[in-house]
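Working notes, structure below.
Order of the sequence lines sets the chain letters (A, B, ...), proteins ahead of strands, with each chain counted from 1. All values reported here derive from a predicted model rather than from experimental measurement.
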Number of protein chains: 2
Amino acid sequence: MIGWVRLESGAVTTRSSTDAARVIPEATVARLPVYLRALTALADNGIRTCSSEDLATAAGVNSAKLRKDLSYLGSYGTRGVGYDVDYLRYQIAREIGVTQDWPVVIVGIGNLGHALANYSGFRSRGFRVVALLDADPALVGRTVADIAVRPFDDLDEIVREHDVAIGVIATPAHAAQDVADRMVGIGITSILNFAPAVVAVPEGVDVRKVDLSIELQILAYHEQRKANGGAEAAAAAADGVDAAGGGAA
Amino acid sequence: MIGWVRLESGAVTTRSSTDAARVIPEATVARLPVYLRALTALADNGIRTCSSEDLATAAGVNSAKLRKDLSYLGSYGTRGVGYDVDYLRYQIAREIGVTQDWPVVIVGIGNLGHALANYSGFRSRGFRVVALLDADPALVGRTVADIAVRPFDDLDEIVREHDVAIGVIATPAHAAQDVADRMVGIGITSILNFAPAVVAVPEGVDVRKVDLSIELQILAYHEQRKANGGAEAAAAAADGVDAAGGGAA
DNA sequence: CGCATTTTGTTCTCACGTTCACAAACTCCT
DNA sequence: AGGAGTTTGTGAACGTGAGAACAAAATGCG
């Protein structure tokens, strides 16, 4: 009976190139880029093979979680040996979709937009900034990171021309929803929002939010709890609650 | 027997000013700053009272979750009426710890560090940048956001002088672990890491990681799945998996 | 005063994510 | 070839989080 449950033997592999029961949990998806980076670091150090323990250490997770995460992609390791660094790296990159190049537009070229435009990590990881947009006429025409800033109204044209699917919002909070609406209207289906505001989008559009001050506030909360070394903190620590959450990596 | 298990009846309320079984789930802690911002927005619009439904909409969550989150803090609403905006705002701010001012240092004044130093959202939310540090002598002495950039070696002195508990790392990846070690060594217990690297810290130190390209990679994954409009995507959609994860806000 | 209405706070159930523990599978050595 | 040693992949137990649903408490109206 157990033999029948295994999915990668014989008949099943005759499916299309991408294989069977492919529902990767969101938590796993969020860690795949971390593994990818760790593998790249290992490869740069000339390491050809690694165990789940090695990779887990490099990625800052425990090895059981790593193995389970990888198991959602397929069986890319060899028991008793470990993983081939380059092979696994390619498989993860393919799964995430960074073997191809993704064009992105950045809207809002203030402090943060400026920094994002100059951030080399995008380019090196499969993302290409095809345009910088800003509604402020004073900024339009300036060149940032070798890219000319264009008026926000050019969004339609640019998105159509480059077939852009991913947009980055780096505007002040009050402009964020308008920008998002406009992006969605043109067919952008993934948004990375740096503006400190909640943006509502229709179903089918993904939004991820990066909020600098929220991260600090979360740290402040834990910091405050640590500082209150009183009775309640002690009680919490006794339960092992202290190290919970964003704790030791 | 069940009666004995209940924790908040009678005697327990005679504890110290902060009340009893105070274990706020990490997921809730992460949302409190969002509620805080939504409340501030409501207050700015002159709204004095709101229902959980109103606030939930403003914060982009559902009202049941909001009420449950708030219930961990205490009973600050009035049944049949709703919440007093200012009162609730103060309670959340106090819980997070942003009624006081938190001094922070930023290490690494490159693209991103520059943007962070200029980010007004920190100051307005209870965080004060007390120093900018960089190891590069060429940057030291420059002024960014009205703050002079100082050599990294001044870290000890600055942290002691201002009693800094929170450090921000905005260096290149290869320097991140060194900076973190140094920070931890001086007594910093909360780190916000923008460098694209995993930093290991001892227990008791909180690290939060903000990684721009990882966020894009997560979006790329979902984008790729949407694009593969084939059989597997259809099967996933039938399960309602499509909108999962970072989906509609 | 009592009743209908509103809205909170809480309980219950289910789904998701993490961790443990172990069998399966591979290598290496004798 | 066979056994000892390694390491993966996964089943099962556990803990946390989300959402539905409802009881409790407040208001307002007749």
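- Across the protein-nucleic acid pair, A/Gln91 atom CD and D/dG9 atom P stand 12 Å apart, rounded to whole Å.
- Annotation: side-chain contact (heavy atoms from CB on, under 4.5 Å) contacts of A/Pro172 (sequence neighbours excluded): A/His174.
- No side-chain N or O of B/Thr57 forms a donor-acceptor pair with one of B/Asp54 less than 3.5 Å apart.
- Checking the phosphate oxygens (OP1, OP2) of C/dT8, no side-chain nitrogen or oxygen of B/Thr78 falls inside 4.0 Å.
- What you find for A/Tyr119 and B/Pro196 is that their closest heavy atoms are OH-CG, 3.8 Å.
- Atom pair B/Leu70:CG and C/dT8:P shows a separation of 9 Å (rounding to whole Å applied).
- Partners of B/Tyr90 by ring-ring contact (aromatic ring centres under 6.0 Å, His included), not counting sequence neighbours: none found.
- Separating the CG atom of A/Asp54 from the C1' atom of D/dT6 is a distance of 13 Å, rounded to the nearest angstrom.
- Residue B/Leu66 contributes atom CG, which lies 12 Å from atom P of D/dG19 at whole-angstrom precision.
- Computed from coordinates, the B/Glu53 CD to C/dG9 C1' distance equals 15 Å when rounded to whole Å.
- In this structure A/Arg31 satisfies the salt bridge (Lys or Arg N to Asp or Glu O under 4.0 Å) test together with A/Asp69, sequence neighbours excluded.
- Taking 4.0 angstrom as the limit, A/Ser52 places none of its side-chain polar atoms (N or O) nearer than this to OP1 or OP2 of D/dT7.
- When the nearest nucleotides of DNA chain C are assigned to A/Val81 and B/Cys50 by heavy-atom distance, the more 5′-ward of the two goes with B/Cys50.
- Qualifying side-chain contact (heavy atoms from CB on, under 4.5 Å) partners for A/Ala30, counting only residues two or more places apart in sequence or in other chains: B/Ile218.
- With rounding to whole Å, B/Tyr83 atom OH is found 15 Å from D/dA25 atom P.
- One can place CG of A/Leu73 at 10 Å from P of D/dG9, the figure rounded to the nearest angstrom.
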Per-nucleotide protein contact along nucleotides 16-23 of chain C, 5' to 3', at a 4.0 Å heavy-atom cut-off (B base, S sugar-phosphate only, - neither), is -SSBBB-B

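- For A/Ser124, there are no side-chain contact (heavy atoms from CB on, under 4.5 Å) partners two or more places apart in sequence or in a different chain.
- Rounded to an integer number of Å, the gap from CG of A/Leu55 to C1' of D/dT7 is 14 Å.
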